[in-house]
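Okay, structure first, notes after.
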2 protein chains.
Amino acid sequence: MKSAAKAVETTADDTAETGSQQIRDAIRDAIVERRLSPGTKLSESDVGNLFNVSRTLARSALQALAYEGLVSVEKNRGAFVAYPSPDEARQIFAARRLIEPGILREAAARITPSQIQHLRQLLIEEGRLMGERGQTARRAEIKASGDFHLTLASISGNTIMQRFMDELVARSSLVIALYGQSTVSSCGHSEHGDIVDAIERKDLDKACQLMLHHIAHIEADLDLREQKSVGLKEAFDL
Amino acid sequence: MKSAAKAVETTADDTAETGSQQIRDAIRDAIVERRLSPGTKLSESDVGNLFNVSRTLARSALQALAYEGLVSVEKNRGAFVAYPSPDEARQIFAARRLIEPGILREAAARITPSQIQHLRQLLIEEGRLMGERGQTARRAEIKASGDFHLTLASISGNTIMQRFMDELVARSSLVIALYGQSTVSSCGHSEHGDIVDAIERKDLDKACQLMLHHIAHIEADLDLREQKSVGLKEAFDL
DNA sequence: GCGCAAAAAATCGTATACAATTTAGCCGCA
DNA sequence: TGCGGCTAAATTGTATACGATTTTTTGCGC
């Protein structure tokens, strides 16, 4: 046991819920890396069979993912990879604009040189993936892009905000999968670098400004027009 | 069906998980209103019997609450009402300081006169409860005090931030139960009123400043010293 | 061939049953 | 009396089973 005596242990040291936890993480990774498309049905039986566990655990994992907003469960119908509406997408990015500057300030205040080094390492890896070709590289790039924001959150030292960011970054990935236009899935890679530069110079105002622009750029690449089921005549009448 | 055609319905219209949802809400209310003390054991069987459902549903509810940070489940040991550490408490309030000004700005930008009216109504109710005596009144007051912040979040129109605030307000209640000093459980009631006033005047900077002060006041009432299990010699040597 | 109703299949919601782990009690022994 | 280890009770982790709801398919009349 690491921490010494304490009245009540608030954080479970052992990995709670080893069963559903693993499934949950596996499915979440698949969603974030866009191997699972929005709207895909995730039947409890199928998930259970896939991971060789009972439906109980599969269900538990799916419900947890539903709470994170990554899957939507409809009563008596099943679970589906979330299909965020344009309005939901706007709310996700509004939340990021609201939260990330604050996280950035906290992170910048307590960042260590070795952590800056770590961030730069991430950027190099990200850049390398951008150069490569192929789906696996693309998926790794998507994850790396999100990891930048997540790492910033972890540096801030606030585990709660970290969890909020986890959710927002994951859901952003869904939104980009649905509404993203430019082929380059990730956002401007150089913008990440600029932010790190500003952090290193301790120019917080500039860093925040860059972050807001960065988020705005990602959002600007989306086509959030209501695609009202195209339906009926317009599709053929033209 | 209310909304017309859409490719995939993202928000389930029917109440999903009627079973565990009800239990979850009931327990959460009990925690937020401090009828359940931090550290209290919540056995799956007991919870199930209490609500006349199977252990399956009880477990599901407890896991959901664990995700919200209101209960902590320890592997093979059970679920307990969360007992936030002083550090956790600081993180909760740091998160609120980070988030609430942004929510306030969003809310102020889109607030309608009738919503202002609604806020004032809440304040009146809150004041009335402050005057009353007795535990039930005290509990209602606790809830009303949180409702002010939650209502602000709902006015902001961002359901994601609303959920984040739900969690933060609930966990704040736990922290206050543990570390609060002044008998008056709720924070300065008048401060809520001042914030509404500033919103009505569209003085956003002032409103944000008041909000930050307000949160600081709540936190200032806490005694967050590490009570390192008092243990060992100090307890007896003196 | 088309539309509609009823039955069949599939899937979810909940309960119960069994296995694994932890906790508490008990007895023997120094 | 105090301590160590063993057994039994309690509690959680996981799987299976059954009932309810939804979806699909089948079959019939037109």
Side-chain angles (χ1 to χ4, degrees), chain A residues 1 5-27 36 39-68 70-83 229, chain B residues 1-2 5-27 36 39-68 70-83:
Chain A
M1 221 175 284
K6 194 188 292 185
V8 170
E9 198 66 42
T10 61
T11 57
D13 24 331
D14 39 7
T15 55
E17 299 300 319
T18 59
S20 71
Q21 195 100 341
Q22 273 186 299
I23 301 172
R24 182 168 70 74
D25 291 347
I27 298 180
L36 282 170
T40 304
K41 166 139 197 181
L42 301 172
S43 137
E44 296 178 354
S45 314
D46 291 350
V47 172
N49 291 342
L50 188 56
F51 292 95
N52 285 102
V53 295
S54 78
R55 204 159 65 80
T56 305
L57 292 189
R59 181 185 180 84
S60 175
L62 290 172
Q63 284 186 320
L65 288 167
Y67 195 85
E68 299 180 43
L70 290 182
V71 319
S72 75
V73 300
E74 299 178 30
K75 191 180 171 185
N76 278 316
R77 281 188 30 88
F80 305 84
V81 178
Y83 196 107
S229 71
Chain B
M1 219 174 287
K2 198 86 65 71
K6 194 189 290 186
V8 169
E9 197 66 41
T10 61
T11 58
D13 27 328
D14 39 7
T15 56
E17 297 302 317
T18 57
S20 71
Q21 196 100 339
Q22 272 186 301
I23 302 172
R24 181 167 72 75
D25 291 347
I27 298 180
L36 282 169
T40 304
K41 166 135 195 181
L42 300 172
S43 140
E44 295 178 355
S45 314
D46 291 350
V47 172
N49 290 342
L50 188 56
F51 292 94
N52 285 102
V53 296
S54 78
R55 205 159 64 80
T56 305
L57 291 189
R59 181 184 181 84
S60 175
L62 290 173
Q63 285 185 321
L65 289 167
Y67 196 84
E68 299 180 43
L70 290 183
V71 318
S72 75
V73 299
E74 301 179 29
K75 189 179 174 186
N76 279 317
R77 280 188 29 85
F80 305 83
V81 178
Y83 195 107

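Proteins come first, then strands; the chains are lettered A, B, ... in the order of their sequence lines, and each starts at number 1.
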Item checked: For V73(B) against A66(B), the heavy-atom pair lying closest together -> CG1-CB, 4.0 Å
Under 3.5 Å, N/O pairs linking protein and nucleotides 16-18 of chain C:
unit_1	atom_1	unit_2	atom_2	d
dT16(C)	O4	T56(B)	OG1	3.3

Margin query: side-chain contact (heavy atoms from CB on, under 4.5 Å), that's the test. Do F51(A) and I27(A) meet it? Break it down for me.
Written below: CA-CA 10 Å; F51(A) 292 95; I27(A) 298 180; 4.2 Å; yes
Note to self: Nearest 0.5 angstrom please: S72(A) OG to L62(A) CG, how far?
What the structure shows: 10.5 Å
Next item on the list: Specify the closest pair of heavy atoms between S20(A) and L57(A), including all atoms of both residues, with the distance to one decimal.
Entry: CB-O, 3.8 Å
Margin query: Contact list please: residues 42-52 of chain B against DNA chain D, heavy atoms, distance less than 4.0 Å, in numerical order.
Written below: S43(B), E44(B)
Please list, for nucleotides 20-25 of chain C, all pairs of protein and nucleotide N/O atoms separated by less than 3.5 Å.
unit_1	atom_1	unit_2	atom_2	d
dT23(C)	OP1	R77(B)	NH1	2.3

Item checked: Interatomic spacing from CG in L50(A) to CG in L42(A) - rounded to 0.5 Å -> 10.0 Å
Margin query: Please give me the minimum heavy-atom distance between F80(A) and G39(A), naming the atom from each residue.
Written below: CD2-O, 3.6 Å
Check: With sequence neighbours left out, which residue pairs that include part of residues 45-55 of chain B fulfil the salt bridge (Lys or Arg N to Asp or Glu O under 4.0 Å) condition?
Finding: E44(B)-R55(B)
Notebook entry, point to check: Whole Å only: how far is the CG atom of L62(B) from the C1' atom of dT12(D)?
Noted result: 12 Å
Note to self: Rounded at 0.5 Å granularity, tell me how far CZ in R24(B) sits from OG in S60(B).
What the structure shows: 9.0 Å
Item checked: Atom pair CD/CG of E68(B) and L65(B) - distance to nearest 0.5 Å -> 5.5 Å
Checklist line | Which residues share a side-chain hydrogen bond (donor to acceptor under 3.5 Å, both in side chains) with D25(B), sequence neighbours left out | finding: R28(B)
Note to self: If the cut-off is 4.0 Å, is R59(A) near the phosphate of dG13(C), judged by side-chain N/O to OP1 or OP2?
What the structure shows: yes
Check: Given dC12(C), dG13(D), dA15(C), which nucleotide is nearest the side-chain atoms of L57(B)?
Finding: dA15(C)
